[in-house]
Amino acid sequence: MKWVTLISFIFLLSSATSKNLQRVARDAEHKSEIARRYNDLGEETFKAVTMITFAQYLQKCSYEGLSKLVKDVVDLAQTCVANENAPKCTDSLPSIFLGEICEVEKLRDSYGDMADCCSKADPERHDCFLSFKVHQPDFITPYQRPASDVICKDYQDNRVSFLGHFIYSVARRNPFLYAPAILGLAADYEHALQSCCKESDIGACLDGKEIAIREKAKEISVKQQYTCGVLKKFGERTFKANKLAALSQKYPKAPFSEILKILQDAKDLHKECCEGDMVECMDDMAEIIAYMCSKQDVLSSKIKHCCEKPIVERSQCIIEADSDDKPEDLPSLAEKYIQDKEVCKSFEAGHDAFLSEFLYEYARRHPELSTQLILRITKGYETLLEKCCKTDNPADCYGNAVEELHKHIKETQDLVKTNCDFLTTHGELDFLKELLVRYTKKMPQVSTDTLLEIGKKMTAVGKKCCHLPEDKRLPCSEGYLSIVIQDMCKRQETTPINDQVSHCCSDSYACRRPCFTAMGVDTKYVPPAFDPEMFNFDEKLCTASPAEQQIGHMKLLVNLIKRKPQMTEEQIKTIADGFTAMVEKCCKQSNIEACFGEE
């Protein structure tokens, strides 16, 4: 397949606009989805996103092998542009892509049971293929960067091919990463090469920039998978409520009508992206971003610099842009939503619309709160009105609503402050140990390694969020903890932990974090029998690095609590101190193993 101008469009870094992404009229005359998307995106972007789609499904295929499939789809698209009545032109894009995959020779030899998906009818076939995507698969070797002089020459001599391979490489390793994000990362990588290839120490320059790009890719991927998980687990209503809160916080000056339009488009966009339909994902993201840039005067003063960037860099720039400043003249919400005599009438006449506007108004006034907390506040307000509007005097019934609301907010803020103070005072290691004690008691059925992994992720959240200004700590900590909890809940689906975890994972999206925080010791848990091997230490403990010794220490702590969940903090501290003293004593002895045995 010819990639002669593949990246010349995508990475046209000198221009903020491109005629290839000019919106063509979306009239009813377009019977062919593939023709419409091809016209929208232009040939080169359509090729690039088609490569991403195939690389994310067929993760073992070579670049050259996938290029043949890309050519087939591009040829079909061009045929359909010329004649929308041609064969296959009215097929859906997922059907076209999966049809190509099912025609791959010896598909079963490379992909095993995935080949069985081809015998299913859509949409089951589509869902089947999605289930076989593997994040960061073992069968793909870690990326090894060529020598500095080689990589710069390769980029300068074969720029199109070089960046095409980069897109392929990122897509097959990150099968859930949205196409606009992959193209944005490729733009970042090109900027890095353009900058570093002029330096005397190219390798050192690229090292730093590559680490930043990898971290950015990882963070974007985690957040996008989380978003897809929320949409799949809790449905469109919860997804839209959470997104409404986030958009209202980010664009507090925007009219409610504009926020609602972006919200509906965003829901449709994420649905396509989450289902792996990357051509639609790219096209609709470009359209949303173009709309937002055309409306920046009413949306936000903080996205102007993003809208001046090339199209592939705009979306991530807008996502990462600061929230706009809150309007100074916003009236008190109590007047409309508590004191107004018509509250119950408005609530009963348009339940969802009334609550949506309340959520918008509350969120735009409170950027210091997490979206999850704002959803809990909205649910609490809904429950209050449902109860009070049935009484003879609703105003008396919900008269102390503001006081109760402030109490709940303060409890959440105090929890964040307590945890951040502990982390600051005692350090990361003690913070991790404290988390391990808490969560081993809550879910002792989880493996020791998994508990350690969860504890480290939660500690990383504390480290990331606790150094922020106080008005940013709560949205940061609850936002990232929600991602950690969702990962835990996903494991719960395949390997059930206990009834408490099951309840917290399934009951309410907004209440997940408080549910896990309030979770007590699992009283139904039956500890395993005592295993003397737990205390079988040898001289490796003395030769281990300090970090390895700490991991051994923490694993011992977890295993002890698994066998004695009712242990008090004092007992835990005594054993932990005893372990440290034992290691210090025995590692100085000539017969280390005899000492460990005795101790």
Side-chain angles (χ1 to χ4, degrees), residues 234-264 266-267 298-300 323-414 471 474-475 478-479 508-514:
F234 294 99
E236 291 182 6
R237 195 169 187 270
T238 296
F239 173 86
K240 286 173 73 175
N242 194 53
K243 185 62 74 175
L244 174 57
L247 288 170
S248 304
Q249 285 182 314
K250 195 171 179 73
Y251 308 116
K253 293 175 183 172
F256 184 46
S257 58
E258 288 294 341
I259 294 290
L260 285 184
K261 175 181 174 16
I262 295 169
L263 175 66
Q264 183 59 42
K267 186 269 294 178
V298 296
L299 282 178
S300 173
S323 298
D324 204 0
D325 301 320
K326 186 169 64 173
E328 294 177 5
D329 55 350
L330 292 173
S332 165
L333 282 183
E335 292 176 20
K336 180 174 181 180
Y337 294 99
I338 298 292
Q339 296 161 6
D340 191 324
K341 293 178 181 177
E342 301 295 313
V343 168
C344 287
K345 187 176 178 183
S346 301
F347 174 64
E348 287 161 357
H351 179 278
D352 283 2
F354 180 81
L355 287 175
S356 293
E357 193 162 358
F358 169 82
L359 197 161
Y360 157 77
E361 293 288 4
Y362 197 90
R364 67 199 287 242
R365 286 164 171 79
H366 294 283
E368 79 282 2
L369 304 182
S370 65
T371 58
Q372 293 83 4
L373 176 54
I374 291 169
L375 294 190
R376 295 198 293 275
I377 289 166
T378 305
K379 181 62 181 173
Y381 179 62
E382 176 188 29
T383 303
L384 189 70
L385 290 185
E386 284 174 344
K387 181 182 82 171
C388 293
C389 290
K390 293 173 184 174
T391 65
D392 294 335
N393 194 338
D396 280 354
C397 176
Y398 52 68
N400 65 343
V402 175
E403 186 182 325
E404 287 298 313
L405 172 64
H406 288 158
K407 182 182 172 185
H408 178 60
I409 292 171
K410 188 173 185 308
E411 284 174 0
T412 309
Q413 289 172 329
D414 286 349
D471 63 341
L474 176 53
E478 190 153 57
S508 160
Y509 165 73
C511 293
R512 269 181 168 183
R513 200 279 307 151

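- Side-chain contact between Leu359 and Leu355 is absent, with no heavy atoms from C-beta onward closer than 4.5 Å.
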Decide yes or no on salt bridge (Lys or Arg N to Asp or Glu O under 4.0 Å) for Lys345 and Glu348, but give the supporting numbers first. CA-CA 5 Å; Lys345 187 176 178 183; Glu348 287 161 357; over 6 Å; no
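- Under the 4.5 Å side-chain criterion, counting only non-hydrogen atoms from C-beta, Leu385 is in contact with Phe354.
- With a 4.5 Å cut-off on side-chain heavy atoms, Lys267 and Lys243 do not count as touching.
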Could you give me the CA-CA distance, side-chain angles and deciding distance for Leu474 and Leu369, then say whether side chain to side chain contact (heavy atoms under 4.5 Å, CB included) is met? CA-CA 6 Å; Leu474 176 53; Leu369 304 182; 3.9 Å; yes
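- Between Tyr251 and Leu299, the closest heavy-atom pair is CB-O, 3.6 Å.
- In this structure, the side chains of Thr412 and Arg376 come closer than 4.5 Å at one or more pairs of heavy atoms.
- Pairs of residues two or more places apart, or lying in two chains, never qualify as salt bridge (Lys or Arg N to Asp or Glu O under 4.0 Å) while including a residue from residues 389-405.
- Between Phe347 and Cys389, the shortest heavy-atom contact is CD2-SG, 4.4 Å.
- Closest non-hydrogen pair, Gln372 versus Asn242, comes out as N-OD1, 4.3 Å.
- Shown here for Leu247 and Ile259, the closest heavy-atom pair between the two residues is O-CD1, 3.8 Å.
- Remark: His406 NE2 to Gln413 CD distance equals 10.0 Å, nearest 0.5 Å.
- Atom-to-atom distance recorded for Ile262:CD1 and Lys250:NZ is 11.5 Å, nearest 0.5 angstrom.
- Under the salt bridge (Lys or Arg N to Asp or Glu O under 4.0 Å) criterion, Lys379 pairs with Glu382, not counting sequence neighbours.
- Here the two cysteines Cys388 and Cys397 have their SG atoms closer than 2.5 angstrom.
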Give the C-alpha distance, both sets of side-chain angles, the deciding distance and a yes or no for side chain to side chain contact (heavy atoms under 4.5 Å, CB included) between His408 and Leu373. CA-CA 9 Å; His408 178 60; Leu373 176 54; 3.4 Å; yes
Verdict with supporting geometry, Arg364 and Glu361, side chain to side chain contact (heavy atoms under 4.5 Å, CB included): CA-CA 6 Å; Arg364 67 199 287 242; Glu361 293 288 4; 2.9 Å; yes
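- In terms of modelled atom types and a separation under 3.5 Å, the side chain of Arg365 and the main chain of Pro331 share a donor-acceptor contact.
- Among all heavy-atom pairs drawn from Ala245 and Ile374, the shortest one is CB-CG2, 4.3 Å.
- In terms of heavy-atom proximity, His366 sits nearest to Gln249 at O-NE2, 2.9 Å.
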With side chain to side chain contact (heavy atoms under 4.5 Å, CB included) as the criterion, how do Thr378 and Tyr360 come out once you've worked through the C-alpha distance, each side chain's angles and the decisive distance to 0.1 Å? CA-CA 10 Å; Thr378 305; Tyr360 157 77; over 6 Å; no
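- Residue Tyr337 forms a side chain to side chain contact (heavy atoms under 4.5 Å, CB included) with just one option from Tyr362, Tyr398, Phe358, and that option is Phe358.
- Between Cys344 and Pro394, the closest side-chain pair of non-hydrogen atoms falls below 4.5 Å.
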